[in-house]
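Below, chain A is the first sequence line, B the second, and so on; all start at residue 1.
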Amino acid sequence: MTLTGKSSTQLALRDPDIRLMLRVRDDDADAFPELVELYHHRLVTVMHHLVGNAEEAEDLAQEVFLRVYRGRKKYHPKAKFSTWLFTIANNLALNVLRTRQRKPTVPLNVRDSGPLGPRPAEQLVHDRAHQPHDRIQQRELAAVVQQALETLNERQRIAVVLNKFEDMNYADIADVMGLTTKAVKSLLSRARENLRLALKDYIQMDRKADEAEE
Amino acid sequence: MALSEEDRAELVAYLDGELDEAATQALEAKVAANAEVRAELEALKQTWGMLDYLPKASPSPSFTNRTMERLTLEMKSPAQTKTAPLPSSGRPWLVGLAWAAAILIAVGGGYGIASYYFPTPPPTDPIPEADLPMIRHLRIAEQWRYYENADDLDFVKKLNHPDLFGEDPS
């Protein structure tokens with residue numbers, strides 16, 4: 001939620017992250033590494049779920065921190081510090097995901113390529129000849145979920161990741177993504193419906209896995 | 001009856017705890033009364049839960065150090081760029097002068113080449129007054145060797161008549 005005037009000053013006094021960022025702005029040499037240490041895990045996690053690659057996620061998270069440092073002099077606490085940080089992350093991630101969409105770099109198997117190869121969405125459709133076994137490895141299921149996440153468009157994906165892994169409410173997501181709360185509601189609804197369709201053949205399996213654990 | 005997009009958005013907002021008290025109660029009543037809505041809610045809930053299968057990210061322990069190194073490198077490189085600006089960036093008039101010189105050379109060179117390959121003919125002298133009748137009767141002058149043996153023009157015309165010498169027998 002965006003704050004103005006007196007409330008922003010009060011927020012700055014109360015929020016330790018804002019105070020830390022203000023120290024970065026004022027060129028306190030110890031402040032920036034402290035900020036990186038504090039936020040890098042969350043940022044790498046979000047980036048990892050967005051791009052699906054640990055190494056690239058670290059590079060992107062680093063780039064976000066460098067952008068924070070470059071823009072430190074322009075920082076004025078108007079909202080929670082994390083909102084400002086994830087706004088920068090959102091802009092970077094959007095660029096990366098859009099570029100990737102224009103120039104896909106996912107390696108294709110020979111049998112997957114060509115006009116007769118399945119489309120990405122079709123790859124998610126469960127192959128009836130190979131029913132998923134109840135004891136399917138968690139790693140395989142993770143790959144399926146990651147693939148389902150990649151079927152979402154970049155904005156849906158960002159909204160989902162912020163909602164799920166940053167536990168952000170609609171108002172904060174709207175601030176980060178520059179949207180209205182209503183638009184975020186609609187975006188998340190469509191994203192979750194798309195995920196439901198992509199994962200429908202695995203939901204039953206997930207339930208059985210839970211029952212087996214119990 | 002299939003759920004509308006708005007209904008689904010309400011279900012998702014309900015799962016995310018984004019509905020106010022009144023909307024929450026209305027939706028819970030709808031869920032209790034309608035099996036299809038109940039099934040949809042359950043499916044959305046399970047789908048969301050499946051995202052927990054995604055691998056947990058674990059940044060490398062050297063992340064902060066590497067970030068600081070990258071920052072240090074970046075802070076050094078812009079300084080070098082500032083101390084060595086492009087020669088043209090500070091003197092725009094020099095660029096204009098260079099362009100003017102280049103255009104002059106191009107135009108001059110083009111004219112020289114054109115003159116070499118397509119030379120213009122030298123200017124002709126004015127025709128003297130005495131030669132004007134000669135030019136006017138150029139045709140007669142050219143045929144003069146035929147006319148000089150004839151006594152008059154009527155004789156020449158008669159020579160041209162076919163009846164004078166008859167048809168060629170061969």
Flag the pair [X] / [Y] as yes when at least one side-chain heavy-atom distance between them is below 4.5 Å, and no otherwise.
X      : Y      : value
A:H48  : B:K56  : no
A:H40  : B:T64  : yes
A:K185 : B:E10  : yes
A:V144 : B:M50  : no
B:E40  : A:E193 : yes

Subject >> Those residues of residues 20-30 of chain B, ordered by number, that approach chain A below 4.5 Å (heavy atom to heavy atom) >> reply: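 Listed by number, there are no contacting residues, so the answer is none.
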
Any chance you could measure [X], atom [atom1], to [Y], atom [atom2], to the nearest 0.5 Å?
X     : Y      : atom1 : atom2 : value
B:F63 : A:L43  : CZ    : CG    : 6.5 Å
B:K45 : A:R196 : NZ    : CZ    : 15.5 Å
B:E18 : A:N163 : CD    : CG    : 7.5 Å

Please state whether the side chain, the backbone, both or neither of [X] comes within less than 4.5 Å of a heavy atom of chain B.
X      : result
A:A143 : neither
A:L149 : side chain
A:H41  : both
A:V46  : neither

Original post:
Is chain A contacted by the side chain of B:E5, its backbone, both, or neither, given a heavy-atom distance below 4.5 Å?
Top reply: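 Both the backbone and the side chain of B:E5 come within 4.5 Å of chain A.
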
**OP:** With a 4.5 angstrom heavy-atom cut-off, could you sort out which part of B:S58 is near chain A: side chain, backbone, both or neither?
**Re:** backbone

Between [X] and [Y], which heavy-atom pair has the shortest distance, and what is it?
X      : Y     : answer
A:V160 : B:L51 : CG1-CD1, 3.7 Å
A:P33  : B:M68 : CD-CE, 3.8 Å
A:I203 : B:A43 : CD1-O, 4.0 Å
A:Y170 : B:A13 : OH-CA, 3.5 Å

**OP:** Step through the shown structure and confirm whether more than 12 heavy atoms of other residues, nucleotides or ligands are within 6.0 Å of CZ on B:R8.
**Re:** yes

**OP:** Using a cut-off of 6.0 Å, state whether more than 12 heavy atoms not belonging to A:K73 lie near its atom NZ.
**Re:** yes

Subject >> For chain B, the option from A:F65, A:Y69, A:F32 that forms the most heavy-atom pairs under 4.5 Å >> reply: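 Most heavy-atom pairs under 4.5 Å with chain B: A:Y69.
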
Original post:
Taking it one step at a time, do B:D52 and A:K164 satisfy side-chain contact (heavy atoms from CB on, under 4.5 Å)?
Top reply: CA-CA 9 Å; B:D52 292 328; A:K164 175 74 182 175; 3.1 Å; yes

Original post:
Within the distance-only criterion (no hydrogens, no angle test), does the side chain of B:E74 pair as donor or acceptor with the backbone N or O of A:L66 below 3.5 angstrom?
Top reply: no

Subject >> Closest-packed option against chain A by number of heavy-atom pairs under 4.5 Å, given B:L11, B:D16, B:L44 >> reply: B:D16

